Number of protein chains: 2
Amino acid sequence: MTHEGVDLGSSVGYALKVAATALRTAMDGALRPLDLSVSQYSCLEVLRQRPGLSAAELARATFVTRQSAHALLQGLEHRGLLSRPTAPASGRALPTRLTADGVDVLARATRLVAEVEERMLAGATASDRARLLDDLTACAAALDAPVAAGRAPEDGTPA
Amino acid sequence: MTHEGVDLGSSVGYALKVAATALRTAMDGALRPLDLSVSQYSCLEVLRQRPGLSAAELARATFVTRQSAHALLQGLEHRGLLSRPTAPASGRALPTRLTADGVDVLARATRLVAEVEERMLAGATASDRARLLDDLTACAAALDAPVAAGRAPEDGTPA
DNA sequence: TGCGTCATGTCAGCATCCTGACATAGCCTC
DNA sequence: GAGGCTATGTCAGGATGCTGACATGACGCA
């Protein structure tokens, strides 16, 4: 019945895909009680660390397009989790900030996500985790991927 | 960073997502000359290892729905990379097999994908790779993800 | 001052993948 | 043999994210 080559089973790339998919699915399930998608959670998390971000900046930070970020922001704003000025203060950018509700929801979401990650790494020691983090970061870097969330052009932090 | 500080840069989950995204992007770019998407490549690869799979079986093997698999198969069949009988032989399942063209295209695709994976792991020794593969597989398993790609339809991972 | 360039927000269209539903073929139980 | 159960193929609709395009505001330079 299973007389196939073991190609896929021994491929790091395939394992990477499977693990990432499993993580995404698990996070999605964990965040469901809060009625939050993974993308929305990421958005809130980035916004907490960098308040006042515009939609375009946030898009770059979360590796999506401006359009997707915009749709995401609209939904979260409608739910009162974040606020944006109706008119731009200086340029065209609309700086976004979390509301009190947003901070609260994010705190709970963070807890849930942390539980998922803890479950994923339950069998790993601290040094195991550090090593895995290192390996994954190296993989992304080797593929010329923006590994840092702050690679926004307007950050003015050239290499 | 008082009590809820989650630094994205030191999160294994985040690194996993970034690495997987980078890999997918790189594979997509590598396969573009063959006019093949990653999903299509996966489909061909699974089909090579397990000829005669039905659309539903292939869907389970590639972690997508029957509908997605069906659409994928139609496209690949239209391009002459695989063939399916017009009428079911015994049940309703339509066993799918690669054509000669399909085998040829897949061979080239496999080469391109292998180059990408090699680039990703360029700085890793054989034992590094084995360890990373182990870690990723363990992560997926801990999240209750179906790890087996070449298994029978019943993945055998009950809750 | 006037113009070109860039960044941003926004609209429209397209692709992909999903959930939901339905019809049919084979198998199992009675 | 009849009826249910499961698996498969297929159609319809929706959610999400992308590319392309356009208008506007800030900035740099002749």
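All figures in this text were calculated on a predicted structure; none of them were measured in a lab. The sequence lines fix the lettering, A, B, ..., with proteins before strands; numbering per chain opens at 1.
Ion pairing of D128(A) with R131(A) is present here, as a side-chain N (NZ or NE/NH1/NH2) and a carboxylate O approach within less than 4.0 Å.
A straight line from CG of L36(B) to P of dA15(C) spans 17 Å, rounded to a whole angstrom. To the nearest angstrom, P of dA15(D) lies 15 Å from CG of D28(A). Taking atom CZ on R24(B) and atom P on dG17(D), their separation rounds to 14 Å, with Å as the unit. In this structure, F63(B) atom CZ and dT16(C) atom C1' are separated by 19 Å, rounded to whole Å. Rounded to an integer number of Å, the gap from NE2 of H70(B) to P of dC18(C) is 15 Å. Spacing between atom CG of L72(A) and atom P of dA15(D) amounts to 15 Å, rounded to whole angstrom units. Straight-line distance from the CG atom of L58(A) to the C1' atom of dA7(C): 16 Å, rounded to whole Å. Distance, L94(B) CG to dA25(C) C1': 12 Å, rounded to whole Å.
Checking S37(B) against S39(B) by side-chain atom types alone, no donor-acceptor pair falls below 3.5 Å.
Interatomic distance, CD of E45(B) versus CG of L106(B), reported as 5.0 Å (0.5 Å rounding). From L53(B), atom CG reaches atom CZ of R60(B) across 8.5 Å, with rounding to the nearest 0.5 Å.
Between S68(B) and the phosphate of dT16(C), there is no side-chain N or O to OP1/OP2 separation shorter than 4.0 Å.
Mapped onto DNA chain D by nearest heavy atom, R66(B) and R66(A) fall at different nucleotides, with R66(B) at the one closer to the 5' end.
Using a 4.0 Å heavy-atom cutoff across all strands shown, S39(A) reaches sugar-phosphate atoms only and no base atom. T65(A) comes within 4.0 angstrom of a nucleotide base, judged by non-hydrogen atoms across all strands.
The base of dG9(D) does not come close enough to the side chain of Q74(B) for any donor and acceptor atom to sit less than 3.5 Å apart. A donor and an acceptor atom never sit less than 3.5 Å apart when one is taken from the side chain of Q67(B) and the other from the base of dG13(D).
When side chains are defined from C-beta on, S68(A) does not count as touching L72(A), because their heavy atoms never get closer than 4.5 Å.
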